[in-house]
Amino acid sequence: MHISFKELTAEEVQQYIELQSPIYAENVSSNQGIPKEKALRDAEQTYKLLSEENRKTGQYIGHIFCEEKKQRVGIIWYNTQAERDRVFIYHIYIEEAFRKQGYAHAALTLVEDVARRENVSRMALNVFAANEDAQRLYERLGYETASIVKTKKL
């Protein structure tokens with residue numbers, strides 16, 4: 001399978017933010033016990049990283065494109081953080097119809113190639129505990145747990 005990344009247009013970035021910001025806030029709220037209003041404000045701050053100016057200086061968001069099928073199969077958002085010697089993956093999303101076919105694996109491998117070209121030696125990401133499929137994928141790819149946040153509902 002051969003994939004590539006195709007950068008989102010400014011309009012597509014805005015659509016992505018409008019769609020993903022409330023979804024992300026809901027996940028943060030339900031997984032970390034943060035009030036929904038606070039989680040939404042935090043999400044809005046996070047998605048400001050996708051401003052046009054930031055996309056010129058290390059933030060990248062693009063379609064995951066399958067060359068053989070000639071179609072988009074997902075989206076990837078990452079940031080090269082040379083000062084931290086890492087590429088941080090904010091979001092990887094594979095469309096439902098293309099899941100469990102190796103696209104996420106291929107996309108993460110392609111980001112590793114980007115990191116090597118940028119002379120960065122580490123990859124990092126966050127994953128919610130409930131996302132067991134993603135956790136298994138990251139483990140197969142050699143990601144190690146660096147931090148664990150525990151919550152307790154009272």
Side-chain angles (χ1 to χ4, degrees), residues 1-32 34 36 38-67 71-96 98-99 102-149:
M1 148 188 347
H2 180 67
I3 65 157
S4 62
F5 297 151
K6 310 274 187 199
E7 191 168 3
L8 269 65
T9 65
E11 183 178 315
E12 289 172 324
V13 170
Q14 190 56 43
Q15 291 169 350
Y16 171 83
I17 292 169
E18 290 170 8
L19 176 69
Q20 289 300 318
S21 188
I23 293 170
Y24 176 73
E26 179 63 35
N27 279 323
V28 168
S29 177
S30 65
N31 282 282
Q32 297 179 4
I34 296 171
K36 289 181 183 178
K38 170 74 169 119
L40 191 53
R41 285 192 305 274
D42 290 351
E44 288 170 0
Q45 289 301 309
T46 298
Y47 284 93
K48 284 183 180 180
L49 294 171
L50 288 173
S51 71
E52 188 173 342
E53 182 178 320
N54 286 337
R55 291 193 320 273
K56 292 177 183 174
T57 58
Q59 294 288 345
Y60 179 85
I61 185 164
H63 296 290
I64 302 168
F65 189 81
C66 176
E67 298 294 339
Q71 71 182 98
R72 178 178 68 97
V73 298
I75 290 182
I76 185 114
W77 170 20
Y78 64 86
N79 175 238
T80 302
Q81 300 171 343
E83 71 283 356
R84 291 183 169 189
D85 191 33
R86 73 180 190 179
V87 167
F88 188 85
I89 299 166
Y90 283 92
H91 191 208
I92 181 167
Y93 176 80
I94 303 299
E95 300 285 345
E96 190 79 35
F98 300 105
R99 291 186 185 164
Y103 291 108
H105 184 284
L108 291 167
T109 300
L110 189 53
V111 176
E112 288 177 14
D113 293 341
V114 169
R116 286 184 191 97
R117 281 195 305 274
E118 299 278 335
N119 293 315
V120 173
S121 66
R122 291 185 5 204
M123 304 279 293
L125 53 81
N126 287 324
V127 61
F128 291 116
N131 194 342
E132 294 174 357
D133 289 339
Q135 288 189 54
R136 281 190 294 276
L137 170 65
Y138 302 143
E139 200 170 289
R140 282 194 312 271
L141 288 170
Y143 286 78
E144 298 174 351
T145 301
S147 170
I148 297 175
V149 174

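Nothing fancy with the numbering, it's 1 onward along the sequence.
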Is the shortest heavy-atom distance from the side chain of [X] to the side chain of [Y] under 4.5 Å?
{"X": "Y78", "Y": "L125", "value": "no"}
{"X": "E112", "Y": "M123", "value": "yes"}
{"X": "Y138", "Y": "L108", "value": "yes"}
{"X": "R140", "Y": "H105", "value": "no"}
{"X": "I23", "Y": "Y93", "value": "no"}
{"X": "I3", "Y": "L110", "value": "yes"}
{"X": "N79", "Y": "N54", "value": "no"}

Distance from [X] atom [atom1] to [Y] atom [atom2], nearest 0.5 Å?
{"X": "E83", "Y": "D85", "atom1": "CD", "atom2": "CG", "answer": "10.0 Å"}
{"X": "E95", "Y": "R72", "atom1": "CD", "atom2": "CZ", "answer": "4.5 Å"}
{"X": "E26", "Y": "L40", "atom1": "CD", "atom2": "CG", "answer": "10.0 Å"}
{"X": "I34", "Y": "N27", "atom1": "CD1", "atom2": "CG", "answer": "11.5 Å"}
{"X": "T46", "Y": "Y90", "atom1": "OG1", "atom2": "OH", "answer": "7.5 Å"}
{"X": "E7", "Y": "R55", "atom1": "CD", "atom2": "CZ", "answer": "7.0 Å"}

Pair Q45-D42, side-chain contact (heavy atoms from CB on, under 4.5 Å): steps then yes or no = CA-CA 5 Å; Q45 289 301 309; D42 290 351; 5.6 Å; no
Is the number of heavy atoms from other residues, nucleotides or ligands within 6.0 Å of CD (Q71) greater than 12?
-> yes
State whether the number of non-hydrogen atoms from other residues, nucleotides or ligands found under 6.0 Å of R99 atom CZ is greater than 12.
-> yes
Just checking, is any N or O donor in the side chain of E18 or Q14 under 3.5 Å from an acceptor N or O on the other one?
-> yes
Can you name the nearest heavy-atom pair linking V28 to A39, along with the distance?
-> CG1-CB, 4.1 Å
Of all heavy-atom pairs between L50 and V13, which one has the smallest distance, and what is that distance?
-> O-CG1, 3.9 Å
Side-chain (Q135) to main-chain (A129) donor-acceptor, under 3.5 angstrom = yes
Check: A25 main-chain N/O paired with S29 side-chain donor or acceptor under 3.5 Å = no
Whether [Y] and [X] form a salt bridge (side-chain N of Lys/Arg under 4.0 Å from carboxylate O of Asp/Glu) is what I want to check.
{"X": "R117", "Y": "D113", "answer": "no"}
{"X": "E44", "Y": "K48", "answer": "no"}
{"X": "E53", "Y": "K56", "answer": "no"}

Please test H91 against Y16 for side chain to side chain donor-acceptor pair (under 3.5 Å), starting from the C-alpha separation and ending with a verdict.
-> CA-CA 11 Å; H91 191 208; Y16 171 83; 2.5 Å; yes
Candidate list Y60, Y47, F5, F88, test ring-ring contact (aromatic ring centres under 6.0 Å, His included), partner W77, passing option | Y47
Give the ring-plane orientation class for Y24 versus F128, where under 30° counts as parallel, over 60° as perpendicular and anything between as tilted.
-> tilted
